[in-house]
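These figures come from a predicted structure and were not determined experimentally. Note on naming: letters A, B, ... go to the chains in the order of the sequence lines (proteins, then strands), and numbering restarts at 1 for each one.
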Protein chains: 2
Amino acid sequence: MTGYAPAEAARRSGFSLDTLRYYEKIGLLADVERTAGGQRVFTDDDLGWLVLFRCLRDTGMPIAQMRRYAQLAREGEHTVDERRELLRRHAEQVEEQMRLLQRQYDHLREKIRFYERLPTAEQPTAEQPTAGQPAATALSGG
Amino acid sequence: MTGYAPAEAARRSGFSLDTLRYYEKIGLLADVERTAGGQRVFTDDDLGWLVLFRCLRDTGMPIAQMRRYAQLAREGEHTVDERRELLRRHAEQVEEQMRLLQRQYDHLREKIRFYERLPTAEQPTAEQPTAGQPAATALSGG
DNA sequence: CCTTGACCTGGAGCGCACTCCAGATTGGAG
DNA sequence: CTCCAATCTGGAGTGCGCTCCAGGTCAAGG
């Protein structure tokens, strides 16, 4: 309950063993406890951090910034304001990212609809340009 | 109207000059027209492709796959089915990507709400674990 | 003409985030 | 005690997508 072997930590976090070691090596994950023989024992606390890192990584935060956050957390409670602001700024970037992704997804869907209107392989080069798309796009990418 | 200098193409597409040259070099963008002296002249058609590449790139398609798509388009109308399928599969991946991003964004917002409930730097280590978050997360990342 | 800023080429280098490797050690099952 | 799968370390290598550079060439304004 209180300690996980590396393989188990990897399984639970979804990170590879190498990545776990790498995260510790670069000081993202704080020094992990060891057995007498030197093998890692991950705690629930470590696992909690890994869940957070996954969240931040999946939303595109660079490792350097995650490390900054982790560093702040280790410094103590007087850094909560800075940590909160760091997360807020990141959340804003994620929002922007989501808007862009949605826009480009819509664009992509329109492209697909263009293909779906084709009678499945016909017509040499006579299409009306889709609204907002240059004729070239319909021609080349169509 | 029909021809753009490299700098203009870069401005309009949002790609750097180096990236435009790179895309041509690796065969993503078809050979661009040249002046007698060898300088590139981008057409509206090229620009259309660049818009598409931006869409695909922004949605996370690897260059190899974009190149495959471009290759198919160059091969002619008999590849429309394969192109459509390629885009559809990609769109599905984008949907998955959007779902993941949304999930992790929600997670992030919850983390931020945790910070917002703190009276701005107080309390040693006595919090109730947020639902679904291991106590460790609230502790370490909180 | 002449200048000068934009452009050319081939190829090296970079930043990120891992991933892999060799060779040694550990530790639980039998 | 033996075995062997899991783990350890330091460091090299990988893949992606550019980005930069040196050393020349081109072309439009004055």
Side-chain angles (χ1 to χ4, degrees), chain A residues 3-43 46-47 49-50 52-71 90 93 97 100 104, chain B residues 3-43 46-47 49-50 52-71 90 93 97 100 104:
Chain A
Y4 308 97
E8 180 67 9
R11 200 189 58 74
R12 290 191 181 231
S13 67
F15 290 112
S16 74
L17 285 171
D18 271 317
T19 298
L20 294 182
R21 285 194 275 259
Y22 169 69
Y23 280 0
E24 186 181 357
K25 179 154 61 179
I26 65 172
L28 179 54
L29 198 57
D31 288 348
V32 175
E33 286 178 32
R34 304 300 183 107
T35 63
Q39 311 213 178
R40 288 178 182 78
V41 179
F42 291 84
T43 63
D46 293 327
L47 265 291
W49 274 101
L50 291 173
L52 177 61
F53 293 151
R54 174 153 295 285
C55 166
L56 297 178
R57 192 194 78 162
D58 287 352
T59 50
M61 183 183 283
I63 282 186
Q65 206 172 339
M66 288 197 247
R67 199 164 51 184
R68 169 116 184 93
Y69 178 89
Q71 182 57 45
H90 179 60
Q93 287 175 21
Q97 197 187 151
L100 173 62
Q104 298 293 38
Chain B
Y4 308 98
E8 180 66 9
R11 200 188 59 72
R12 290 190 181 230
S13 68
F15 290 112
S16 75
L17 285 171
D18 270 317
T19 298
L20 293 182
R21 285 194 274 258
Y22 169 69
Y23 280 1
E24 186 181 357
K25 179 153 58 176
I26 64 171
L28 179 54
L29 198 57
D31 288 349
V32 174
E33 286 179 33
R34 305 301 183 107
T35 63
Q39 310 214 183
R40 288 179 182 77
V41 179
F42 291 83
T43 63
D46 294 326
L47 265 290
W49 274 101
L50 291 173
L52 176 62
F53 293 151
R54 173 153 293 286
C55 166
L56 297 177
R57 192 193 78 163
D58 286 351
T59 51
M61 183 184 284
I63 281 186
Q65 205 171 340
M66 289 198 245
R67 199 165 52 185
R68 168 113 183 94
Y69 179 88
Q71 182 57 45
H90 178 59
Q93 287 175 22
Q97 196 186 152
L100 172 64
Q104 298 293 38

Starting the side chain at C-beta, find the nucleotide from [options] nearest to [X].
X	options	value
A:Pro6	C:dC8, C:dT19, D:dC8	D:dC8
A:Lys25	C:dC20, D:dG11, C:dA17	D:dG11
A:Ala7	D:dC18, D:dT7, D:dC8	D:dT7
B:Gln39	C:dA6, D:dC18, C:dG10	C:dA6

Determine: side-chain N/O of [X] to OP1/OP2 of [N], distance under 4.0 Å, yes or no.
X	N	answer
A:Thr35	C:dT26	no
B:Arg21	C:dT9	no
B:Arg67	D:dC16	no

Next on the checklist: Which is more 5' along DNA chain D, the nucleotide nearest B:Gly38 or the one nearest A:Arg34? Just name the residue.
Outcome noted: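 The residue mapped nearer the 5' terminus is A:Arg34.
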Checklist entry - Between A:Phe42 and B:Met61, which is nearer to the 5' end of DNA chain D once each is assigned its nearest nucleotide? => result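 Nearest-nucleotide comparison on DNA chain D picks A:Phe42.
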Could you tell me whether the side chain of [X] and the main chain of [Y] form a donor-acceptor pair under 3.5 Å?
X	Y	result
B:Arg54	B:Ser13	yes
B:Arg12	B:Leu47	no
B:Gln97	B:Gly60	no

Checklist entry - If you look at every strand shown and take non-hydrogen atoms under 4.0 Å, does B:Ala5 touch a base, only sugar-phosphate, or nothing? => result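 Sugar-phosphate only.
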Checklist entry - Which is true for B:Tyr23 with a 4.0 Å heavy-atom rule: it touches a base, it touches only sugar-phosphate, or it touches nothing? => result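 Sugar-phosphate contact only.
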Item to check | Position toward the 5' end of DNA chain C (nearest nucleotide), A:Ile63 or B:Gly37 | outcome: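 Its nucleotide being nearer the 5' end, the pick is B:Gly37.
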Next on the checklist: Strictly below 4.0 Å, N to O, side chains only: are B:Glu8 and B:Arg11 in salt-bridge contact?
Outcome noted: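 Between B:Arg11 and B:Glu8 there is a salt bridge, with a charged N closer than 4.0 Å to a carboxylate O.
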